[in-house]
Amino acid sequence: MASPSATPARFFNLDERDYAAAEQRCRALLARMTLAEKVGQMSQFTSDRDTTGPSIREGYQDDIREGRVGSIFNAFDADFTRQLQTLAVNESRLGIPLLFGYDVVHGFRTIFPIPLAMASSWHPEGVEAAARVAATEAAAAGIHWAFAPMVDVSRDARWGRVMEGAGEDPLLSSRMASAQVRGYQGHDPRALDSVAACVKHYAGYGAAEAGRDYNSVDLSERVMRSVHLPPHQAAVNAGVASVMTSFNTVDGVPASCNALLLRQILRDEWQFRGLVVTDYTAIMELLEHGVAADARDAARLAVNAGVDMDMQDGYFLDHLAELVEADDVSAARIDEATLRVLILKDVLGLFEDPYRYCDEAREATALLAPEHRRKAREMAQQSMVLLENNDLLPLSPAPQRLAVIGELADSRADLLGPWHGNGHAQDAHTLLEALRGRLSSAEIYYHAGVPVDIDDTASRQREIAEAVTTAQQADVAVVVVGEKEPMSGEAASRTDLGLPGQQLALALAILASGTPTVVVTLSGRPLVLSELTAALTGQSAALLHGWWPGSEGAEALVDLLLGDVSPCARLPMSFPRSVGQLPLYYGQLPTGRPVFRENPDPRYSSKYIDSPNTPLYPFGYGLSYTHVDYATPQLDKPTLTGPDDQLTLNIELTNTGERDGVEVVQLYLRDPVASISRPVRELIDFKRIEIAAGARERISFIIRAEQLGFIGSDLRWRCEAGRFELHIGAHVEDTQTLTFDYQP
Ligand code: BGC
């Protein structure tokens with residue numbers, strides 16, 4: 001949760017002296033710049049190497065020569081970035097180097113699982129290591145600035161961009177946010193494997209109405225501050241170098257000209273010192289939002305609200321000078337913004353050596369380094385969530401005759417997921433290839449099943465019958481179903497979250513074939529799997545949700561299927577029973593007419609008449625190949641007496657299974673009586689522990705008053721006296737309860 005007092009924001013890991021020295025050097029440069037050159041530094045354009053939005057500006061290379069651009073994005077590799085950098089350094093009047101930005105979201109060339117999958121690991125250190133690998137590769141390919149982490153809290157799986165964030169919970173998202181900032185930025189901005197991070201999208205983007213991308217957001221400021229801002233603040237506190245504004249309006253005001261977000265909260269309250277860049281053409285979109293009369297007006301609104309750099313629309317470039325001359329924008333505002341751009345370049349060492357990131361030799365060894373692939377495989381193993389297992393997994397001993405079914409089982413590209421940077425499909429194996437590689441003495445039969453396309457409504461009886469015949473030849477069938485890459489991600493909202501096309505019919509037919517069946521689902525979002533799950537009952541079957549697992553995803557899947565490692569991931573987002581339940585999240589308020597477990601069907605209660613309120617799979621849920629018993633938890637004392645006091649919760653866990661495992665112990669809070677209605681559960685801490693077969697581990701959680709606090713109706717953070725409940729367990733619906741009093 002948001003802490004009561006903002007700690008002064010660091011910029012990278014710089015101490016005050018180094019920051020002040022960088023500022024002094026940059027002020028000297030600023031003094032030599034013309035207004036046009038300053039505005040150039042505040043402008044960013046895409047190269048033609050890659051496209052991530054609607055328009056390509058013609059002549060960006062001339063912009064570089066003329067000093068009309070401070071940063072280029074979508075340009076990478078040592079050779080190409082050197083060519084562009086040479087234009088800036090040798091041909092622009094002041095020779096100010098360019099800053100190269102790119103969407104390095106879950107890897108650069110070695111692609112890790114999508115961020116939502118990585119969040120399923122509940123393993124911030126692993127996620128930090130993944131970001132470190134991504135930074136090392138990106139930096140070797142000329143990139144200075146990663147447009148990541150994406151930290152939008154999202155509770156509506158219709159929104160395609162849920163795949164980029166850490167799911168529905170502010171605490172888990174905050175831990176993932178700071179881990180990624182540490183990973184990208186490293187310990188020292190001057191290190192050759194450090195890149196600047198950019199936390200995005202600020203703010204509220206994950207709450208797009210009806211889960212439709214770019215749609216309006218209407219949140220109370222209290223909910224915005226309590227749920228959506230904490231991961232951004234965590235990134236700021238971790239020293240993030242930059243912030244990207246979001247496309248959406250918030251309470252009618254677009255985030256890219258929102259002074260409450262950009263000035264009051266980000267600068268005044270959090271004391272953020274880095275750079276604010278817009279999202280792609282977000283200033284131009286102020287016209288469509290209906291808050292700017294023309295391009296000049298849009299530029300004025302954005303810059304005066306606190307935007308420092310304009311991504312792609314060129315509105316700053318075209319209008320800021322004129323706005324300053326007309327006194328509609330102050331010269332001081334331009335200096336402030338330009339200085340932030342220069343400071344970022346300075347601390348990355350670009351003024352000393354503009355080419356320090358362009359190194360072909362480093363690029364050749366860093367990209368896809370064996371160590372990077374190993375980490376991606378480990379992270380993929382830790383990201384896949386075992387949802388059901390009726391005594392089928394692991395497949396040990398390995399089957400002699402295996403049927404592999406489904407188009408996705410033989411796809412490389414669909415393992416990487418959107419925002420896969422410079423990832424190449426050919427760097428990955430398909431699951432079919434990985435199984436063939438590993439089970440060289442087994443007979444493996446493959447059938448592609450049915451197409452994955454959403455609009456594939458044609459009858460597929462023949463293909464399904466053939467796939468069933470294929471399955472019946474084998475001891476075990478592995479059916480891979482789910483989404484193809486374009487079905488989640490930006491501008492990929494869906495109203496139907498079932499398996500696209502005829503894949504459900506395919507999976508049901510294989511399950512009914514009599515052959516023990518493992519269903520593997522791949523997707524960028526929670527899917528509606530109710531019918532599939534029901535069909536597993538009573539069958540020798542299992543359901544493993546693989547998300548989009550990245551370049552090493554197929555190998556990791558095989559590791560899990562064969563039992564080389566045990567699954568240990570836990571859901572970072574509730575899986576709904578139906579789309580009608582959305583938005584769906586565990587941390588709801590209780591309502592005045594709650595549905596109690598003891599009486600699930602009272603007439604006048606807050607429920608549906610055709611579905612339980614609960615998700616199909618709850619937040620924090622996931623199985624493994626072992627079993628961990630939780631003993632009765634104990635608190636060391638019954639009362640917390642003030643802000644400096646602490647309680648200790650101890651609990652003993654025993655791995656009663658036969659395999660080593662990893663347990664994610666989750667600690668939730670409930671404040672049953674407060675000045676405002678509080679969520680029925682709120683994650684306040686978690687611990688991920690490795691526990692050997694047969695071992696017993698004692699773990700402790702420290703509980704402090706600050707974890708009990710919340711933002712009240714007056715928008716102030718508070719911590720109220722009273723009785724509190726703690727719920728500890730393996731997921732949000734499987735906990736033991738303790739109580740204590742807070743009496744300051
Ligand atoms: C996305 C951002 C991304 C930017 C630059 C936009 O469309 O919303 O997340 O960083 O493009 O590629």
Side-chain angles (χ1 to χ4, degrees), residues 43-57 60 69-76 99-108 114-116 131 134 138 143-154 159-166 173 177 180-181 184 195-208 211-215 217 231-232 235 240-250 254-256 274-286 288-289 307-314 417-423 486 488-493 524:
S43 302
Q44 182 186 49
F45 296 114
T46 179
S47 89
D48 50 2
R49 177 79 195 261
D50 197 356
T51 48
T52 49
S55 75
I56 296 262
R57 184 181 164 90
Y60 71 94
V69 52
S71 169
I72 292 287
F73 67 117
N74 292 335
F76 54 85
L99 194 60
F100 291 108
Y102 195 48
D103 290 288
V104 186
V105 176
H106 53 113
F108 176 70
I114 56 169
L116 187 61
I143 307 295
H144 311 129
W145 186 14
F147 299 145
M150 189 282 210
V151 304
D152 299 322
V153 172
S154 43
W159 192 50
R161 298 195 84 167
V162 301
M163 53 110 344
E164 282 175 69
S173 298
Q180 288 177 78
V181 172
Y184 286 113
V195 297
C198 182
V199 67
K200 68 188 189 185
H201 306 85
Y202 187 72
Y205 187 31
R212 202 178 77 224
D213 206 1
Y214 316 125
N215 203 3
V217 168
H232 289 277
V240 75
S242 64
V243 168
M244 186 186 291
T245 64
S246 56
F247 288 123
N248 53 284
T249 54
V250 177
S256 299
L275 176 72
V276 172
V277 63
T278 64
D279 204 340
Y280 199 111
T281 61
I283 301 181
M284 180 174 87
E285 291 170 27
L286 299 181
E288 292 297 341
H289 280 301
V307 169
D308 302 315
M309 186 180 272
D310 170 355
M311 184 189 285
Q312 188 56 23
D313 47 46
W419 297 118
H420 57 245
N422 184 30
S488 281
E490 186 171 350
S493 298

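In each ligand, atom 1 is the first atom listed, and ligand 1 is the first ligand listed. Note that the structure is a prediction, hence the values are computed from the model and not measured.
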(Q) Under a 3.5 Å distance rule, please check whether Asp213 uses its side chain to pair with a backbone N or O of Trp159 as donor and acceptor. (A) no
Q: Among Phe76, Tyr102, Phe73, find the one that has a side-chain contact (heavy atoms from CB on, under 4.5 Å) with Arg49.
A: Phe76
Q | Heavy-atom pair of closest approach, residues Val151 and Val199 | A | CG2-CG2, 3.6 Å
Q) Within a strict 4.5 Å, meaning less than it, do heavy atoms of the Ser246 and Tyr202 side chains meet? A) no
Q. Do Tyr60 and Gln312 have a side chain donor and acceptor closer than 3.5 Å?
A. no
Q | Trp145 side chain to Ser242 side chain, donor-acceptor N/O pair below 3.5 angstrom | A | yes
Measure from every N or O atom of ligand 1 to the protein's N or O atoms and keep only the pairs below 3.5 Å, writing each with atom names and distance to 0.1 Å.
unit_1	atom_1	unit_2	atom_2	d
ligand 1	7 (O)	Thr52	O	3.4
ligand 1	7 (O)	Glu490	OE1	2.9
ligand 1	7 (O)	Glu490	OE2	3.0
ligand 1	8 (O)	Arg161	NH1	2.7
ligand 1	8 (O)	Arg161	NH2	3.3
ligand 1	8 (O)	Asp279	OD1	3.3
ligand 1	8 (O)	Asp279	OD2	2.5
ligand 1	9 (O)	Arg161	NH2	2.9
ligand 1	9 (O)	Lys200	NZ	2.9
ligand 1	9 (O)	His201	NE2	2.7
ligand 1	10 (O)	Asp103	OD1	2.6
ligand 1	10 (O)	Lys200	NZ	3.1
ligand 1	11 (O)	Asp279	OD1	3.4
ligand 1	12 (O)	Thr52	OG1	2.7
ligand 1	12 (O)	Asp103	OD2	2.4

